Amino acid sequence: MKALCWTGINKVSIETVDDPKILNAHDAIVKVTTTVTCGSDLHLLGGYVPGMRAGDILGHEFMGEIVEIGSAVTTRKVGDRVVVCSFMSCGHCSYCKAGKTSLCDNSNLHPGLGEGLWGASTGGCFGYSQITGGFAGSHADYVRVPFVDTGAFLVPDGVTDEQAVFASDAVPTGWMGADLGGVQPGDTVAVWGAGGVGQMAARASMLLGAEKVIVIDRFPERLAQVQQFIGAETLDYSATDVMAELRERTGGRGPDVAIEAVGMEAHSDRVDYVYDKVKTMLKLETDRPTALREAILAARKGGSVFVLGVYGGFVDKFPLGAVMNKALTVRSGQQFGHRYIPMLLERIAAGEISTDHLATHVMPLADAPRGYDMFKAKTDGCVRAVFRP
Ligand SMILES: NC(=O)c1ccc[n+]([C@@H]2O[C@H](COP(=O)([O-])OP(=O)(O)OC[C@H]3O[C@@H](n4cnc5c(N)ncnc54)[C@H](O)[C@@H]3O)[C@@H](O)[C@H]2O)c1
Ligand SMILES: [Zn+2]
Ligand SMILES: [Zn+2]
């Protein structure tokens, strides 16, 4: 089969690889119909996530048709049209039972890497380096789906591929930021980043009753999407003093909930960006937390900060004094999609959450290298590149 492989820093190519096979009784093979890029892939592409090997197949947000099942699969069958959660859940360990499914103790084949770096590993994830298990990704004709009973969700009739595919990752990730960030009816929420994840966090905040939601970015086409499809306010950080503007729009207090949906490759015109850039180049820091610092400083006293953006290692100049003295609650996590996806598919079907507008560029898998170039450089208004094997 054909697959999009990582071949070195900022290099990908379409390769011919072996078809996946059923390895365990709970596996299924899914024929991929739609698979999409994610901001998380950019961190892999740039070599910021440890454990990438040349030849690794990229892709973790996808949907398709089940074409083969293992002997122990009970709830899914050949022919099912499913969207698959990017993280894997065994369904039986203490974390999976508690709904904290990306922390699954049984799905990561290489837990030693995470244990060394973070003290414990995450669960398995498709196409996301050895550190999440070394599983083949979804930018391919076929993909092996471990634990298919827990991880693959039936797509409601009438929901298109371009709508459903985002239920794999961007939509539940955004929902988790708003839900576990503690958004309450009447709250003011600020979201850093107007990519797929930030937009979905903003929409979730509104559906959870936030009175005012402000999304911060610098790309006009993304901010226009926020206004048109999410219904939130926008703030262009390249043209405005974010801290002053947020105070102005929140009665001088700052947002109740600050959601960071940018991650380790944040951009800024501020001096701390230059500092991070130099330190990461010298390998004295691993991640660039510009947006995270701003979210912590902007949050109101007693407010909460939810870090959806992916971080890999160690950051400098972390404003711990603001966290401590303002009594902030800071939470984070890889998405716990399994607890949200069925509800979110219903909301997508009901028209409460628009997702297909994120699919700005739809192309055959053969064009995926071009799609990655556009997504990385954010050219031609690319918000997400969608591939159809
Ligand atoms: N927690 C999870 O489970 C999970 C799941 C999916 C993605 N993510 C992470 O969420 C983040 C966003 O993903 P995405 O797909 O939306 O990515 P994306 O690259 O499409 O969007 C990121 C956006 O952040 C903006 N940005 C950069 N610096 C900024 C700043 N200083 N202030 C405000 N905005 C800034 C960029 O302009 C861009 O529009 C990534 O770090 C990704 O790895 C986490
Ligand atoms: Zn993702
Ligand atoms: Zn588990």
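Since we're looking at a predicted model, the values are computed, not measured. Index from 1, following the sequence. We count ligands from 1, going down the list as the structure has it; atoms in each ligand are counted the same way.
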Query raised in the report: Between F135 and F126, what is the ring plane arrangement, given parallel below 30°, perpendicular above 60°, and tilted in between?
Result: tilted
Query raised in the report: Touching ligand 1 at all, F375? Heavy atoms, strictly under 4.0 Å?
Result: yes
Report task. Could you tell me if any non-hydrogen atom of I216 lies under 4.0 Å from any atom of ligand 1? Result -> yes
**Report entry** Ion pair check, R288 and E265, cut-off under 4.0 Å
**Finding:** no
Query - ligand 1 contacted by Q199 (non-hydrogen, < 4.0 Å) - result: no
Report task. Just need the protein heavy atom nearest to atom 6 (C) of ligand 1, so name the residue and atom and give the distance. Result -> D169 OD1, 2.9 Å
Report task. Run the salt-bridge test on D256 and R300 with the 4.0 Å N-O cut-off and return the result as yes or no. Result -> yes
Report summary line: Paired with T101, the side-chain contact (heavy atoms from CB on, under 4.5 Å) test is passed by just one of C85, S89, C93, namely S89
Query raised in the report: So which protein heavy atom does atom 17 (O) of ligand 1 come closest to, and at what separation?
Result: G39 CA, 3.3 Å
Requested in this report: Return the residue, atom name and 0.1 Å-rounded distance of the protein heavy atom closest to atom 37 (O) of ligand 1.
Outcome: D217 OD1, 2.7 Å
Requested in this report: List every atom of ligand 1 that sits less than 4.0 Å from any heavy atom of A261, numbering the atoms from 1 in the order shown and giving each element.
Outcome: 11 (C), 12 (C)
Requested in this report: Enumerate the atoms of ligand 1 whose separation from the nearest heavy atom of F219 is less than 4.0 angstrom.
Outcome: 37 (O)
Query raised in the report: What about H43 and Y128, are their ring centers closer than 6.0 Å?
Result: no
Report task. Would you mind checking if K279 and E285 are paired as a salt bridge, meaning a charged N to carboxylate O distance below 4.0 Å? Result -> no
Query raised in the report: At a 4.0 Å cut-off, with the gap strictly under it, does some heavy atom of R218 reach an atom of ligand 1?
Result: no
Query raised in the report: Short N/O distance, under 3.5 Å, between G309 and ligand 1?
Result: no
Report summary line: Checking heavy atoms under 4.0 Å, the part of R222 that sits near ligand 1 is side chain
Requested in this report: Scan side-chain atoms only and decide if S121 and E115 contain a donor-acceptor pair under the 3.5 Å cut-off.
Outcome: no
Requested in this report: Considering only NZ, NE, NH1 and NH2 on the basic side and carboxylate oxygens on the acidic side, decide whether R384 and E61 come within less than 4.0 Å.
Outcome: yes
Query raised in the report: Is the shortest distance from a Lys or Arg side-chain nitrogen in E15 or K2 to a carboxylate oxygen in the other one below 4.0 Å?
Result: no
Requested in this report: Calculate the angle formed at the Zn ion (ligand 2) by OE2 in E61 and SG in C38; 10° precision is enough.
Outcome: 80°
Requested in this report: For the pair M52 and L58, evaluate side chain to side chain contact (heavy atoms under 4.5 Å, CB included) and give the outcome as yes or no after the intermediate values.
Outcome: CA-CA 10 Å; M52 282 303 283; L58 292 174; 3.8 Å; yes
Query raised in the report: With a cut-off of 4.0 Å, which atoms of ligand 1 are near a heavy atom of C38?
Result: 6 (C), 7 (C), 15 (O)
Requested in this report: Check whether NZ of the Lys or CZ of the Arg K378 lies under 6.0 Å from the centre of the six-membered ring of F375 and within 45 degrees of that ring's axis.
Outcome: yes
Query - Part of H43 within contact of ligand 1 (heavy atoms, under 4.0 Å) - result: side chain
Query raised in the report: Looking only at distance, does V383 have an N or O less than 3.5 Å from an N or O of ligand 1?
Result: no
**Report entry** Residues R293 and D276 bridged, charged N to O under 4.0 Å
**Finding:** yes
Query - Minimum-distance protein heavy atom relative to atom 3 (O) of ligand 1 - result: Q335 N, 2.6 Å
Report task. In plain terms, say whether E352 and R203 are close enough for a salt bridge, that is, a side-chain N and a carboxylate O under 4.0 Å apart. Result -> no
Query raised in the report: CG/D105 to OG1/T122 distance, rounded to the nearest 0.5 angstrom?
Result: 10.5 Å
Query raised in the report: Quick one: does V310 get an N or O within less than 3.5 Å of an N or O on ligand 1?
Result: yes
**Report entry** N or O pair under 3.5 Å between T290 and ligand 1
**Finding:** no
Query raised in the report: Salt bridge or not for D161 and R81, using N-O below 4.0 Å?
Result: yes
Report task. Could you see which bit of V242 sits under 4.0 Å from ligand 1, with heavy atoms only: side chain, backbone, both or neither? Result -> neither
Requested in this report: Could you establish whether E265 and ligand 1 come within less than 4.0 Å of each other, counting only heavy atoms on the residue side?
Outcome: no
Query raised in the report: Which residue owns the protein heavy atom closest to atom 42 (C) of ligand 1, what's the atom, and how far is it?
Result: S40 OG, 3.3 Å
Report task. Considering heavy atoms of the protein only, find what lies nearest to atom 19 (O) of ligand 1 and give residue, atom and distance to 0.1 Å. Result -> K378 NZ, 3.1 Å
**Report entry** Residue pair I214 / T234, side-chain heavy-atom distance below 4.5 Å
**Finding:** no
Query - Heteroatom distance test (V262, ligand 1): nitrogen or oxygen, under 3.5 angstrom - result: yes
Requested in this report: Give a rough value, rounded to 10 degrees, for the angle at the Zn ion (ligand 3) between atoms SG of C90 and SG of C96.
Outcome: 120°
Query raised in the report: Measuring from the heavy atoms of G333, does anything fall under 4.0 Å of ligand 1?
Result: yes
Query - Ionic contact status for D80 with K77, cut-off 4.0 Å - result: yes
Report task. Please write down residue, atom name and distance for the protein heavy atom closest to atom 13 (O) of ligand 1. Result -> V197 CG2, 3.5 Å
Query - Top protein contact for atom 31 (N) of ligand 1, by heavy-atom distance - result: H267 O, 2.7 Å
Query raised in the report: Using 4.0 Å as the upper bound for N to carboxylate O, is an ion pair formed by E162 and R388?
Result: yes
**Report entry** Within reach of ligand 1, part of R384 (heavy-atom separation under 4.0 Å)
**Finding:** side chain
Report task. Give the atoms of ligand 1, by number and element, whose distance to some non-hydrogen atom of L308 is under 4.0 Å. Result -> 1 (N), 2 (C), 4 (C), 8 (N), 9 (C), 10 (O), 44 (C)
Requested in this report: Check whether any N, O or S atom of H92, backbone or side chain, sits closer than 2.8 Å to the Zn ion (ligand 3).
Outcome: no
Query raised in the report: Does the N or O separation between S268 and ligand 1 drop below 3.5 Å for any pair?
Result: no
Query raised in the report: What atoms of ligand 1 come within less than 4.0 Å of a heavy atom belonging to W192?
Result: 32 (N), 33 (C)
Query - Those atoms of ligand 1 less than 4.0 Å from some heavy atom in G263 - result: 41 (O)
